[in-house]
Amino acid sequence: MLIERPYYLNKLIRNKHNKLIKIVTGIRRCGKSFLLNTIFYNHLILCGVEKNHILSYSLDELENINLLDPIRLLQEIKNKLVDEEMYYIILDEIQMVPQFEKLLTSLNHIANTDVYVTGSNSKFLSSDIITEFRGRGDEIRVHPLSFSEYYSAVQGDLNKAWFEYYTYGGMPLLINKKEYEDKSSYLKSIYEKVYKTDILNRFKIKDKEELFQILQVLSSSVGSLTNSLNLAKAFKHFHNHCITDKTISKYISYLEDAFLISDAQRYNIKGKKYIRATKKFYFEDVGIRNAMLNFRQNEENHLMENIIYNELKIQGFNVDVGVVEKVETTKDKKKVRKKFEIDFVASKADDCYYIQSALHLNTPEKYEQELKSLLNIPDHFKKIVIVKDYMPPTKNPDGITIIGITNFLLKSLFNSEKM
């Protein structure tokens, strides 16, 4: 089944012919190759580009093993540039080629070429791309399937689709797997054989068990405020093993480079400044996270928060954890400063949204608790509470939008008048 991915296709279209190398990055198996070799290829054909002007090479395939020499690959491509029309060069798994950086620069210097590449594993991670191609490349970050992309393929009962999604995540190949055993085995396999191996090889980590245990701690604390020092204490408590906070910070940077996790920093809304002490960590794919824990800790509230974070990132928002302070007077007339947490502050250009994730608002106490943080925000940007229950966007008397998670994920609500 062809799953259209218009968000990424449109980014590729916008960046055509800009003489920058289009570098498609993202977690392993999230659909980068399919995006270029099928979706973008089909777009070029529909636009009238002749097939012999689309030069596509999958460099991890045996038939192209003789092209892994950069000089030979460069000459192969040059030999096919027989006129002055634009040629679209698609190089999949470019990290297979030694000195690929020089190869790409050489190709990009040719006037009538438009270059697109994907890469994976330990030689092609995010920090490398940012450093090596700064000013000469456009990074197009691809994520696993969003819920709306996933649902477009599976259709059917929304509740069942939501359960499947927060359990197994959005890796595209899961669409064709129907049984629990097949899905869980696939996720465990790519976690063990691909992601962990990539990180271990790239950074030459000697203590494999130490990396595994750090991943376990991070997996168990999704959506919790923490820092390297707190993680070191948790590591000591749960695993009876000492590891310094500096070492943990180093490991976390490795995991972020491999696109496995990303963070949301705390932001003081009134003071308009970041609070560096603690942050939250979220997984790029909740299915991979669940597989790390052998599907033992599938707490829907934490996974829902992780999925909302991912959706905001997919839509191009900068995402922080909000903090708002307020001085309150106690019954004995003492003034105390209280801090209220907002799950997400999502900002993009001049837009800003304050978002709370709440599995239920089924009691007056819970309702008051979840909305109190939002009511203490002094500005007039839009405020949203996302709940599990199926619920179209509804505004309460204070102007706060309450909406069900599937409604939120399936529609472009940020452009809606109702929001």
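The existence of a salt bridge linking D114 and K22 is confirmed by a sub-4.0 Å separation between a basic side-chain nitrogen and an acidic carboxylate oxygen. Checked for salt-bridge contact, K11 and D138 miss the test: no charged N lies under 4.0 Å from a carboxylate O. Of the charged side-chain nitrogens involved, at least one lies within less than 4.0 Å of a carboxylate oxygen, so that R141 and E284 count as a salt-bridged pair. Salt-bridge check for E149 with R5: passed, with a basic side-chain N closer than 4.0 Å to an acidic carboxylate O. With respect to R289 and E299, a salt bridge is recorded, a charged nitrogen being found less than 4.0 Å from a carboxylate O.
Relative to the ring axis of F317, K348 places its NZ or CZ within 45° and under 6.0 Å from the centre. Stacking of K382 on the aromatic ring of Y353 is not recorded, the 6.0 Å distance cut-off and the 45° axial limit not both being met. Geometrically, K177 engages Y186 in a cation-pi contact, judged by NZ or CZ lying under 6.0 Å from the ring centre and within 45° of the ring axis.
Aromatic pair Y165/Y168: ring centres not closer than 6.0 Å.
Taking CG of L374 as the start and CD1 of I384 as the end, the distance is 9.5 Å to the nearest 0.5 Å.
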Which side-chain N or O atoms in residues 358-366 pair as donor and acceptor under 3.5 Å with protein atoms at least two apart or in another chain?
unit_1, atom_1, unit_2, atom_2, d
T363, OG1, K366, N, 3.0
K366, NZ, E370, OE2, 2.8

Listed pairs under 3.5 Å, donor-acceptor, residues 65-73 side chains, sequence neighbours left out:
unit_1, atom_1, unit_2, atom_2, d
D69, OD2, I71, N, 3.1
D69, OD2, R72, N, 2.9
R72, NH1, N66, O, 3.3

